[in-house]
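Throughout, protein chains are lettered first and strands after them, A, B, ... in sequence-line order, and every chain is numbered starting at 1. When reading the values below, keep in mind they use all heavy atoms of this one structure, side chains included, and skip hydrogens, waters and symmetry mates.
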Amino acid sequence: MISLAFLRENPDFVIERLRIKNFQASEYVSQIINYDKSRRSLQKQLDDNFAEQNKIAKEIGILFKEGKKEEAQLLKDRTAVLKVEAKTIEENFSSNENAINEILVLLPNIPHSSVPKGYSAEDNEVVYSEGDLTLPSYFLPHWEVCEKKKLINFEIGSKLTGAGFPIYIGKVAKLQRALINFFLDNALEANYIEIQPPYMVNEDSAFATGQLPDKEGQMYHVSKDNLYLIPTAEVPLTNIYRNMILKNEDLPVKHCAYSACFRREAGSYGKDVRGLNRLHQFDKVEIVQITTPENSYLILDEMKAYVLTLLQKLELPFRIIRLCGGDMSFTSALTYDFEVFAKGQQKWLEVSSVSNFENFQANRLKLRYKNENGKTQLLHTLNGSALALPRIVAALLENHQTEQGNIYIPKALQVYTGFELI
RNA sequence: GGAGAGAUGGCAGAGUGGUCGAUUGCGGCGGUCUUGAAAACCGUUGACCUUCACGGGUCCGGGGGUUCGAAUCCCUCUCUCUCCGCCA
């Protein structure tokens, strides 16, 4: 959520920057400013009213002690009038406040100055790439490899649960376990503190990280207890710090977590969902950092560099992309996507997304710190996948095929898998 | 699931209708003393809205109510603890 104070002071800037995200904000912004104006004048009226009521209440107390009942009664009559007035003002006030908030949650985050204008994935900017893209003729897409070697069974998953919930069998099950440990150990080495979070969160948490209200349909909901299955560990990880004021020496906060992730992926269909490319349940190791506004872009670079080393260790060809305004998420100010080239299906697969949310999440979270001047100020939150498993597994199965039809396990992973070939 | 107790500032813990936004202790910060430190002593120390400022207002788990006046009384929700039941 964009902070109201910032919007009040920089309305034109907000409107102009949101154009990069192809969002027409001018109507919303002027509405908010009008509501805010009357909200503040109502607040003044209400404060004055309460001030008088408070004063009278104290006077009545004194009069009662002195036994001056009649005089007290006169003052009581005055408060009765004030209370009626206060009630109307209050109603007006809160309807203004609600109106502001309703509009405010509709505004996406302001994109960073480096974000290119654009409408879709075609307008994204490739900022880095490495790895060998040559295509041996015998390479198969991972779903064919899985079928041939009986590694992943999609049909049984459908029988158990539904489409998008495959079962992993034998060596590929262990490969997944190995990847989780590999990712976690790397994160620990980079000084992230590991968390095991709950897989369900309440409404407040889902709202604070921005899943509600805009992405409600994307989450599985347990209606009986009004809980949401987490679409990513980002939600519990970031919400740890909801309603907190951190000290300077606590920063930056660095957390990593493994979790299963649950996504309904409502509205997605077609060739993109083939095999492991898009699942309803998948495993992921997530990294989250919380830092001061001055440092957040340095931290974003640090996180980007960290994810890069993971892909290098997995010996996968990849590229880093700076998302254009139109392709960015609602909450992000700057996002780098990591795409791995899956040679079997000859396709770039998004395996990580590293974002700086600046204070957009922190504003909803009420996550602040005391700066050097002793002022409380919103922090910046960042997160990244490091990494999501299914597409990495797909890429490993597709890119590390040998001529004999086996799958080679990269050196860095072998100590975790205990085998060199599948 | 049943019965009971509780939720107060960074922490501990008073306060049961009237200058209480809250006694006190610890912790934090500043100072005196000291070569330095400790101890002792003095001062200071919550968040939010609003105002150029002075100031005003809100917040004692959340929401609602009673009252001229609520941390204090009532209702409700959430959470925590104790006991019983069930259970990996």
Side-chain angles (χ1 to χ4, degrees), chain A residues 1-10 32-104 196-208 212 222-228 236 239-251 253 260 290 359 362-379:
Chain A
M1 200 156 68
I2 298 177
S3 87
L4 181 58
F6 183 82
L7 191 103
R8 182 159 63 216
E9 278 153 40
N10 312 281
I32 288 176
I33 287 178
N34 284 334
Y35 281 128
D36 182 50
K37 239 183 218 157
S38 57
R39 183 190 125 259
R40 283 192 291 167
S41 103
L42 288 166
Q43 165 129 46
K44 174 86 178 104
Q45 291 174 37
L46 203 57
D47 284 358
D48 290 347
N49 184 302
F50 284 158
E52 192 175 347
Q53 284 192 48
N54 289 341
K55 200 173 133 238
I56 291 176
K58 277 177 190 167
E59 284 169 14
I60 290 175
I62 294 164
L63 289 174
F64 266 119
K65 268 184 199 153
E66 295 171 348
K68 296 176 182 167
K69 290 235 168 82
E70 303 78 33
E71 285 175 54
Q73 188 54 47
L74 280 176
L75 289 177
K76 275 193 185 185
D77 295 344
R78 172 67 186 149
T79 8
V81 175
L82 286 172
K83 280 184 104 166
V84 174
E85 279 176 21
K87 201 165 181 213
T88 357
I89 301 171
E90 217 165 357
E91 275 163 12
N92 260 315
F93 177 82
S94 56
S95 81
N96 267 281
E97 204 167 49
N98 290 339
I100 291 169
N101 280 328
E102 269 169 34
I103 302 171
L104 216 47
Q196 281 196 353
Y199 288 5
M200 292 187 220
V201 293
N202 58 29
E203 241 180 314
D204 287 347
S205 295
F207 177 80
L212 292 179
V222 182
S223 56
K224 196 159 187 180
D225 300 292
N226 196 24
L227 297 173
Y228 293 88
N239 270 285
I240 294 171
Y241 296 92
R242 172 151 46 90
N243 277 323
M244 280 200 182
I245 298 177
L246 300 179
K247 293 189 189 116
N248 228 325
E249 62 260 34
D250 300 330
L251 300 169
V253 170
I290 298 168
N359 65 21
N363 191 30
R364 285 201 197 182
L365 289 159
K366 293 199 171 55
L367 166 54
R368 293 159 295 174
Y369 79 115
K370 266 200 202 304
N371 67 16
E372 311 76 52
N373 310 321
K375 252 195 100 175
T376 47
Q377 199 179 344
L378 290 171
L379 283 160

Given the C1' atoms of B:C49 and B:U44, what is the spacing between them in whole Å?
25 Å
With rounding to the closest Å, how many angstrom separate the C1' atoms on B:U24 and B:C73?
27 Å
Taking atom P of B:C48 as reference, at what distance in whole Å does atom CD of A:Gln377 sit?
12 Å
Going by purine N1 to pyrimidine N3 plus the second Watson-Crick contact, or the G-U wobble pair, all under 3.5 Å, which nucleotide sits opposite B:C29?
B:G43
As its Watson-Crick or G-U partner within any shown strand, both distances under 3.5 Å, B:U80 has B:A5
Report the C-alpha separation of A:Asn98 and A:Glu102 in whole Å, then their side-chain angles, then the decisive distance to 0.1 Å, and conclude whether the side chain to side chain donor-acceptor pair (under 3.5 Å) test is met.
CA-CA 6 Å; A:Asn98 290 339; A:Glu102 269 169 34; 5.9 Å; no
Of the nucleotides B:U50, B:C68, B:C48, which one has an atom closest to the side chain of A:Ala57?
B:C68
At under 4.0 Å between heavy atoms, what does A:Ile56 touch on the DNA or RNA strands: base, sugar-phosphate, or nothing?
nothing
Distance between C1' atoms of B:G31 and B:G65 (Å, rounded):
50 Å
Quick one, A:Val253 with A:Leu251, criterion side chain to side chain contact (heavy atoms under 4.5 Å, CB included). Give me CA distance, side-chain angles, the key distance, then yes/no.
CA-CA 5 Å; A:Val253 170; A:Leu251 300 169; 4.3 Å; yes
Nearest-nucleotide wise, let me know which of A:Gln53 and A:Lys370 is further upstream toward the 5' end of RNA chain B.
A:Lys370
What interatomic distance, in whole Å, is found between C1' of B:G6 and the corresponding atom of B:G43?
36 Å
To the nearest Å, give me how far apart CG (A:Asn226) and P (B:U78) are.
12 Å
If I pick the C1' atom on B:U66 and the same atom on B:G55, what distance separates them, to the nearest angstrom?
32 Å
Closest non-hydrogen atoms of A:Arg364 and A:Phe207, given as atom of the first, atom of the second and distance, are NH1-O, 2.8 Å
Roughly how far, to the nearest 0.5 Å, is CE of A:Met244 from CG of A:Leu367?
9.0 Å
Which value, rounded to the nearest 0.5 Å, describes the distance between A:Ile290 atom CD1 and A:Leu365 atom CG?
8.0 Å
Report yes if the side chains of A:Leu4 and A:Ile100 come closer than 4.5 Å at any heavy-atom pair, otherwise no.
yes
Scanning all shown strands, the Watson-Crick or wobble mate of B:A88 with both distances under 3.5 Å is none
Using a strict 4.0 Å threshold on nitrogen-to-oxygen distance, state whether A:Lys44 and A:Asp47 make a salt bridge.
no
A:Ala80 or A:Lys247: which one's nearest nucleotide on RNA chain B is closer to the 5' end?
A:Lys247
Please give, in whole Å, the distance from B:G69 C1' to A:Leu63 CG?
13 Å
Quote, to the nearest angstrom, the C1' distance that separates B:A70 from B:A22.
13 Å
Distance below 4.0 Å between A:Arg8 side-chain N/O and B:U50 OP1 or OP2
yes
If I take atom CZ from residue A:Arg39 and atom CZ from residue A:Phe93, how far apart are they, to the nearest 0.5 angstrom?
5.0 Å
Please check the phosphate of B:C48 (OP1 and OP2 only) for any side-chain N or O of A:Arg368 closer than 4.0 Å.
yes
Measure from CD on A:Glu97 to C1' on B:U50 and round the result to the nearest Å.
12 Å
Please give, in whole Å, the distance from B:C48 P to A:Asn243 CG?
12 Å
Could you check how far CG of A:Asp250 sits from P of B:G28, rounded to whole Å?
15 Å
Among B:U50, B:U67, B:C48, which nucleotide has an atom closest to any side-chain atom of A:Lys83?
B:U67
If I take atom CG in residue A:Asp36 and atom P in nucleotide B:C49, what distance separates them, rounded to the nearest angstrom?
12 Å
Tell me: CD1 of A:Ile60 to P of B:G69, nearest whole Å?
8 Å
Can a donor-acceptor pair be found, under 3.5 Å and without considering hydrogens, that links the side chain of A:Asn96 to the backbone of A:Asn92?
yes
Of the listed B:C48, B:C68, B:U51, the closest approach to the A:Thr79 side chain comes from B:C68
Can you give one letter per nucleotide of nucleotides 53-66 of chain B, going 5' to 3': B for a protein heavy atom under 4.0 Å from the base, S for sugar-phosphate only, - for none?
---BSS--------
If you only use heavy atoms from C-beta on, which nucleotide in B:C48, B:C68, B:U50 is closest to the side chain of A:Arg39?
B:U50
Provide the distance between the two P atoms, one in B:C77 and one in B:A3, to the nearest whole Å.
13 Å
With both distances kept under 3.5 Å, what pairs with B:U23, Watson-Crick or G-U wobble?
none
Distance check, P atoms only: B:G25 and B:A40, in whole angstrom units.
13 Å
Check every strand shown and say whether A:Lys366 touches a base, only sugar-phosphate, or nothing at a heavy-atom separation below 4.0 Å.
nothing
